[in-house]
Amino acid sequence: SMEDALAQGQFIVYLQPKYRLKDRELSGAEALVRWIHPEWGFQSPGEFIPLFERNGFITQLDQYVWDRTCALLRDWDRKEYPQIPVSVNVSRADIYNADLANILLRTVHKYNLPPSRLHLEITESAYTENPGQIIDTVTHLRELGFIIEMDDFGSGYSSLNLLSKVTVDTVKLDKQFLDDTMNSEREETALTIIKYLTKMLRHLGFKVLAEGVETSEQLEMLRLADCDIVQGYFYAKPMPIGEFRTFLQEFNERDN
Ligand code: C2E
Ligand code: CA
Ligand code: CA
């Protein structure tokens, strides 16, 4: 039913806001897909993305999400909303598509957007799986003006080594990092790791984003660590586009 579902508009893009820590201002959003199935109801990506990664449908779905996201950015521009960037997820399978850069370029051009408005989240495990290919692809995409965010950083094993080989714009610390700190019996040690990891990443020229921020304690800790951007339930869960508009409008009002 995947193809029909796509044609019938059952896949819906939700947005989760990202905030700059230093002034608590909205800095962007992440596009996360949901499947509203006529019989099964609301489906979370955790339930269908792994399946689509196995059967290859993910490349089609991702392109659909990129297209809808760019259409939305264009709509916001027309309405003169603040020009925040939105990040989309780029699955491992997309990286192996030799046409990836062209598809992305066509999509942003179709909606008259500079590539820098579309941030691309590429999961860390994609880098470790095929470093040569991903480094070439990421280098090319950055030359074209896309902003690259390394997703799930710290969930794999060769993260640190990788950073000397690949240039990205932002590193997204995996949610597990924050969870581990809070549940750790050696909380001090876990805190020290986040703090110095963040400092090191910033020193290397990366922006640092922490995802999965749920508590004010975590936020305080990230502030001490000098983290740039935060995303998580503490601020807001992913929400339908219509709801996100109120976040944009509030931001606009504060801005002016
Ligand atoms: P991800 O890219 O790591 O996205 C972050 C996930 O963490 C999202 O789950 C988000 O809703 C959730 N999250 C955000 N803040 C918090 C928090 O404070 N606490 C907790 N417990 N969770 C938080 P979601 O939306 O269910 O997506 C799961 C995964 O599915 C994503 O992980 C991503 O890998 C994949 N995914 C979602 N949409 C797409 C898509 O359009 N394309 C591709 N290829 N993958 C997607
Ligand atoms: Ca992501
Ligand atoms: Ca992630």
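One is the number of the first residue; the rest follow in order along the sequence. Whatever order the structure lists them in is the order used to number ligands and atoms, beginning at 1. The structure displayed is predicted, hence computed values, not measured ones.
Counting only heavy atoms of the protein, atom 12 (C) of ligand 1 lies nearest to Tyr233 OH, 4.3 Å. If you check which protein heavy atom lies closest to atom 31 (C) of ligand 1, you get Leu32 CD2, 4.3 Å. What sits closest to atom 30 (O) of ligand 1 on the protein, heavy atoms only, is Pro45 CB, 3.4 Å. Protein heavy atom closest to atom 19 (N) of ligand 1, with residue, atom name and distance, is Glu214 OE2, 2.5 Å. Asp62 OD1, 2.6 Å is the protein heavy atom nearest to atom 42 (N) of ligand 1. The shortest contact between atom 1 (P) of ligand 1 and any protein heavy atom is with Asp151 OD2, 4.1 Å. Nearest to atom 20 (C) of ligand 1 among the protein's heavy atoms is Lys175 CE, 3.0 Å. For atom 46 (C) of ligand 1, the nearest protein heavy atom (residue, atom name, distance) is Ile49 CD1, 3.6 Å.
Residue Val86 is tested with Leu118, Leu15, Leu72, Val13 for a side chain to side chain contact (heavy atoms under 4.5 Å, CB included); the sole match is Leu15. Checked against Gln63 for a side chain to side chain contact (heavy atoms under 4.5 Å, CB included), the options Thr107, Ile58, Val88, Asn97 give a single hit: Asn97.
Residue contacts to the Ca ion (ligand 2): Glu211 brings no N, O or S atom closer than 3.0 Å. For the Ca ion (ligand 3), the set of nearby N, O or S atoms under 3.0 Å includes none belonging to Asp174. Metal site remark for the Ca ion (ligand 2): Thr123 contributes no N, O or S atom at a distance under 3.0 Å. Among the atoms of Glu30, an N, O or S atom falls under 3.0 Å of the Ca ion (ligand 2).
Here the side chains of Ile122 and Arg92 are not in contact, with every heavy-atom distance at 4.5 Å or above. Side-chain contact between Leu144 and Leu104 is absent, with no heavy-atom pair separated by less than 4.5 Å. Asp67 has its side chain within reach of Lys110: a pair of non-hydrogen atoms, C-beta onward, lies under 4.5 Å apart.
No donor-acceptor pair under 3.5 Å is formed between the side chain of Trp66 and the backbone N or O of Val90. Checking side-chain atoms of Arg202 against main-chain N and O of Lys207 turns up no donor-acceptor pair under 3.5 Å. At distances below 3.5 Å, not a single donor-acceptor pair connects side-chain atoms of Asp174 with backbone N or O atoms of Ser155. Judged by distance alone, the side chain of Asp62 and the main-chain N or O of Ser91 form a donor-acceptor pair under 3.5 Å. In this structure, the side chain of Gln43 engages the main chain of Trp40 through a donor-acceptor pair within 3.5 Å. Side chain of Glu124 to main chain of Gly154: a donor-acceptor pair is present (N/O by atom type, distance under 3.5 Å, no hydrogens or angles).
Residue Gln16 places at least one N or O, backbone or side chain, under 3.5 Å from an N or O of ligand 1. Residue contacts with ligand 1: Val65 is placed with no nitrogen or oxygen under 3.5 Å of a nitrogen or oxygen of the ligand (distance criterion only). Taking distance alone, with nitrogen or oxygen atoms compared against 3.5 Å, Gln231 stays at or beyond that limit from ligand 1.
Aromatic rings of Trp35 and Phe52 (six-membered ring for Trp) have centroids within the 6.0 Å cut-off, being under it.
Note that atom 39 (C) of ligand 1 has protein non-hydrogen atoms nearby, at separations under 4.0 angstrom. For atom 9 (O) of ligand 1, no protein heavy-atom neighbour is found at a distance under 4.0 Å.
In this structure, Pro238 has a heavy atom closer than 4.0 Å to ligand 1. Using 4.0 Å as the threshold, Lys172 has no heavy atom nearer than that to any atom of ligand 1. For the ligand labelled ligand 1, residue Glu53 lies outside the 4.0 Å heavy-atom shell. The closest approach between a heavy atom of Gly212 and any atom of ligand 1 is below 4.0 Å.
Geometrically, Arg24 does not engage Tyr19 in a cation-pi contact, judged by NZ or CZ lying under 6.0 Å from the ring centre and within 45° of the ring axis.
If you number the atoms of ligand 1 from 1 as listed, the ones under 4.0 Å from a heavy atom of Ile58 come out as 44 (N). Listed by atom number, the atoms of ligand 1 under 4.0 Å from Gly232 heavy atoms are 15 (N), 18 (O). Listed by number with element, the atoms of ligand 1 under 4.0 Å from a non-hydrogen atom of Asp152 are 3 (O). Below 4.0 Å from some heavy atom of Glu30 lie the following atoms of ligand 1, by number and element: 2 (O), 4 (O). Heavy-atom proximity to Val33, at under 4.0 Å, picks out these atoms of ligand 1: 38 (N), 39 (C), 40 (C), 41 (O).
Residue Leu113 holds its CG atom at 9.0 Å from CD of Gln83, rounded to the nearest 0.5 Å.
Nearest to the Ca ion (ligand 2), among the N, O or S atoms that Glu121 has, is OE1. Of all N, O or S atoms in Asp152, the one lying closest to the Ca ion (ligand 3) is OD1. Note on Asp151: its N/O/S atom closest to the Ca ion (ligand 3) is OD1.
Leu120 and Tyr64 fall within the same hydrophobic cluster, where Ile, Leu, Val, Met, Phe, Trp and Tyr residues are linked whenever their side-chain heavy atoms come under 4.5 Å apart, directly or through other members.
The number of heavy-atom neighbours closer than 6.0 Å to CD of Glu220, taken from other residues, nucleotides and ligands shown, is above 12.
Which of Arg68, Glu211, Lys237, Gln43 comes nearest to atom 5 (C) of ligand 1 through a heavy atom is settled by distance: it is Glu211.
Ring orientation note: the planes of Tyr81 and Trp76 are tilted relative to one another, at an angle of 30° to 60°.
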